[in-house]
Asks: 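One structure is given below, represented as structure tokens, and several questions about it will come after.
Scope of the values below: all heavy atoms of this structure, side chains included, with no hydrogens, waters or symmetry mates. Proteins come first, then strands; the chains are lettered A, B, ... in the order of their sequence lines, and each starts at number 1.
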2 protein chains.
Amino acid sequence: MFSAVSKSWWANILLYGLSLGLLLAALQFSQYRLLTQGNAEKWYIGLVAALFAAIGIWAGKKLIQKNDPQPAFIVPEFRPKEEVLERLGITPRELEVLEQMALGLSNQEIADKLFVSLNTVKTHSSNVFSKLGAIRRTQAIQRAKEMGLIA
Amino acid sequence: MFSAVSKSWWANILLYGLSLGLLLAALQFSQYRLLTQGNAEKWYIGLVAALFAAIGIWAGKKLIQKNDPQPAFIVPEFRPKEEVLERLGITPRELEVLEQMALGLSNQEIADKLFVSLNTVKTHSSNVFSKLGAIRRTQAIQRAKEMGLIA
DNA sequence: CTTGAAATCACCCGAAAGTGTGAGGGCTGA
DNA sequence: TCAGCCCTCACACTTTCGGGTGATTTCAAG
């Protein structure tokens, strides 16, 4: 995720630099044609200014959009924070139960989905609660979300 | 909310136009001083281009930040989607109960917090469940979140 | 081989959640 | 004034949760 953001960012920087370079080149080229006509300078300067303001707006827009970590449609791929899991001693199975809980499933439904008994799910969820310092499943979900354990 | 956005937007347009005008004026003024020095034009043009690119980026940034409702760090201020609330017929009080539920509070705690009886909270939550098509509070929370009703 | 963590399951019991029904008061628009 | 919505509360009932305790199995590390 971090590398992806950096990559987009550098791509935009390069893109912006490239566009700026190209425009400067075009500018250099047309300079000799226009400057010979005498009083065209003020229009020329104005045009350049407007053009670069426009490209600036465009570039700024692009940069901001990429810097914002909330694209929401590109890659919502979620990864639970391993360090928190280890610190709290939450096992993989317990995390699975926690995830299903957050989806709004009952213990019985989780049991069916994970092919274990209802009692097993209860045990797992009880362990999760104590490890999260929660006394209700809604509380556990809330805490897990703000800790980055579940999406 | 809508009027505020429009206001900010127009303020930015005005600000940008003003800056552009000032720069053009400064440009006009310095033109006669610099152009007399002969080969200063290319540097001059480049400076103008860079300057306007910079101001363009700044303006674009400002405009985007105001237009984009997802800045994430500037204003986390959350607003439930009114159209969804109306479509489902969820009343203000029901939404309040829903929000407290999502924070992991029990019905009794919600009752204490909102200064109503436990039975009242139960009634509200029952109504919320049926309106959201949920049969459990965790499910209701999940649905409400993906519908943008709660944070 | 022993020890321990993880996963599995069972039973009991109290607390919380959720359902259904009924009802009264306040406010508003027809 | 009256229908309709909202908020409020009650009570009985069923279901689900959550805590506590204990047990078995598997598997990997010591």
Side-chain angles (χ1 to χ4, degrees), chain A residues 80-147 149-150, chain B residues 79-145 147 149-150:
Chain A
K81 297 188 176 178
E82 303 292 344
E83 73 273 16
V84 183
L85 287 177
E86 284 191 27
R87 182 166 53 82
L88 299 179
I90 293 180
T91 69
R93 202 57 164 170
E94 287 165 356
L95 181 61
E96 272 187 279
V97 171
L98 183 57
E99 288 165 348
Q100 300 302 315
M101 254 174 25
L103 294 178
L105 301 189
S106 70
N107 286 341
Q108 185 58 64
E109 288 169 332
I110 298 174
D112 296 342
K113 202 166 181 178
L114 299 184
F115 302 108
V116 294
S117 83
L118 172 61
N119 289 307
T120 301
V121 175
K122 282 187 176 184
T123 303
H124 285 318
S125 55
S126 269
N127 290 334
V128 168
F129 295 157
S130 64
K131 286 172 183 177
L132 282 175
I135 59 179
R136 268 180 300 280
R137 63 173 36 210
T138 48
Q139 203 177 33
I141 293 169
Q142 153 79 1
R143 284 183 175 240
K145 289 204 177 185
E146 63 186 27
M147 285 180 179
L149 298 183
I150 55 180
Chain B
R79 287 263 157 269
K81 296 188 176 177
E82 304 292 345
E83 72 274 16
V84 183
L85 287 177
E86 284 192 27
R87 182 166 52 82
L88 298 179
I90 292 179
T91 69
R93 202 57 164 169
E94 287 165 356
L95 181 61
E96 270 187 282
V97 171
L98 184 56
E99 288 165 349
Q100 300 301 317
M101 257 178 20
L103 294 179
L105 301 188
S106 69
N107 285 340
Q108 185 58 63
E109 287 169 332
I110 298 174
D112 295 342
K113 202 166 182 178
L114 298 185
F115 302 107
V116 294
S117 82
L118 173 60
N119 289 308
T120 302
V121 174
K122 283 187 176 184
T123 303
H124 285 318
S125 55
S126 270
N127 290 335
V128 168
F129 296 157
S130 64
K131 286 172 183 176
L132 283 175
I135 58 179
R136 267 180 301 280
R137 64 171 37 208
T138 48
Q139 202 178 32
I141 293 169
Q142 152 79 2
R143 283 183 176 241
K145 288 203 177 186
M147 284 180 180
L149 298 182
I150 55 180

Asks: List the residues meeting side chain to side chain contact (heavy atoms under 4.5 Å, CB included) with B:Gln100, not counting sequence neighbours, and say none if there are none.
Replies: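 With sequence neighbours excluded, B:Gln100 shows a side chain to side chain contact (heavy atoms under 4.5 Å, CB included) to B:Leu103, B:Leu105, B:Ile110, B:Lys113, given in chain and number order.
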
Asks: For the helix from C:dC1-D:dG30 to C:dA30-D:dT1, what angle separates the axis at the start from the axis at the finish, each from five pairs, in steps of 10°?
Replies: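 One end axis against the other gives 40°.
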
Asks: May I have all residue pairs that pass side-chain hydrogen bond (donor to acceptor under 3.5 Å, both in side chains) and include part of residues 81-92 of chain A, sequence neighbours excluded?
Replies: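 Counting only pairs at least two positions apart or across chains, the side-chain hydrogen bond (donor to acceptor under 3.5 Å, both in side chains) contacts touching residues 81-92 of chain A are A:Thr91-A:Glu94.
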
Asks: I need the full list of side-chain hydrogen bond (donor to acceptor under 3.5 Å, both in side chains) pairs touching residues 119-130 of chain A, with sequence neighbours left out, sorted by first then second residue.
Replies: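 Qualifying pairs: A:Ser117-A:Thr120.
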
Asks: Using a strict heavy-atom distance below 4.0 Å, which residues from residues 121-139 of chain A are in contact with DNA chain D?
Replies: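 Heavy-atom cutoff 4.0 Å gives A:Lys122, A:Ser126, A:Phe129, A:Ile135, A:Arg136, A:Arg137.
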
Asks: Which part of the nucleic acid does A:Thr120 contact within heavy-atom distance under 4.0 Å: base, sugar-phosphate only, or nothing?
Replies: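 Since a base atom lies under 4.0 Å of A:Thr120, the category is base.
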
Asks: Residues of residues 99-113 of chain A with any non-hydrogen atom less than 4.0 angstrom from an atom of DNA chain D: list those, numerically ordered, please.
Replies: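 DNA chain D contact set from residues 99-113 of chain A: A:Ser106, A:Asn107.
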
Asks: Walking along DNA chain C from 5' to 3', note the first and the last nucleotide with an atom under 4.0 Å from a heavy atom of chain A, and give both.
Replies: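 Listing 5' to 3', DNA chain C meets chain A from C:dA6 to C:dA17.
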
Asks: Walk along DNA chain D from 5' to 3' and tell me the first and last nucleotide with an atom closer than 4.0 Å to a non-hydrogen atom of chain B.
Replies: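 First-to-last contact on DNA chain D, by the 4.0 Å heavy-atom rule, is D:dC6 to D:dC17.
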
Asks: Under the salt bridge (Lys or Arg N to Asp or Glu O under 4.0 Å) test, which residues partner A:Glu109, sequence neighbours left out?
Replies: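 With sequence neighbours excluded, A:Glu109 shows a salt bridge (Lys or Arg N to Asp or Glu O under 4.0 Å) to B:Arg136, given in chain and number order.
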
Asks: List the residues meeting side-chain hydrogen bond (donor to acceptor under 3.5 Å, both in side chains) with B:Gln139, not counting sequence neighbours, and say none if there are none.
Replies: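 For B:Gln139, no residue satisfies side-chain hydrogen bond (donor to acceptor under 3.5 Å, both in side chains) once neighbours in sequence are set aside.
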
Asks: The criterion is side-chain hydrogen bond (donor to acceptor under 3.5 Å, both in side chains); which residues satisfy it with A:Arg143, sequence neighbours excluded?
Replies: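 If we apply the side-chain hydrogen bond (donor to acceptor under 3.5 Å, both in side chains) test to A:Arg143, skipping adjacent residues, there are no hits.
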
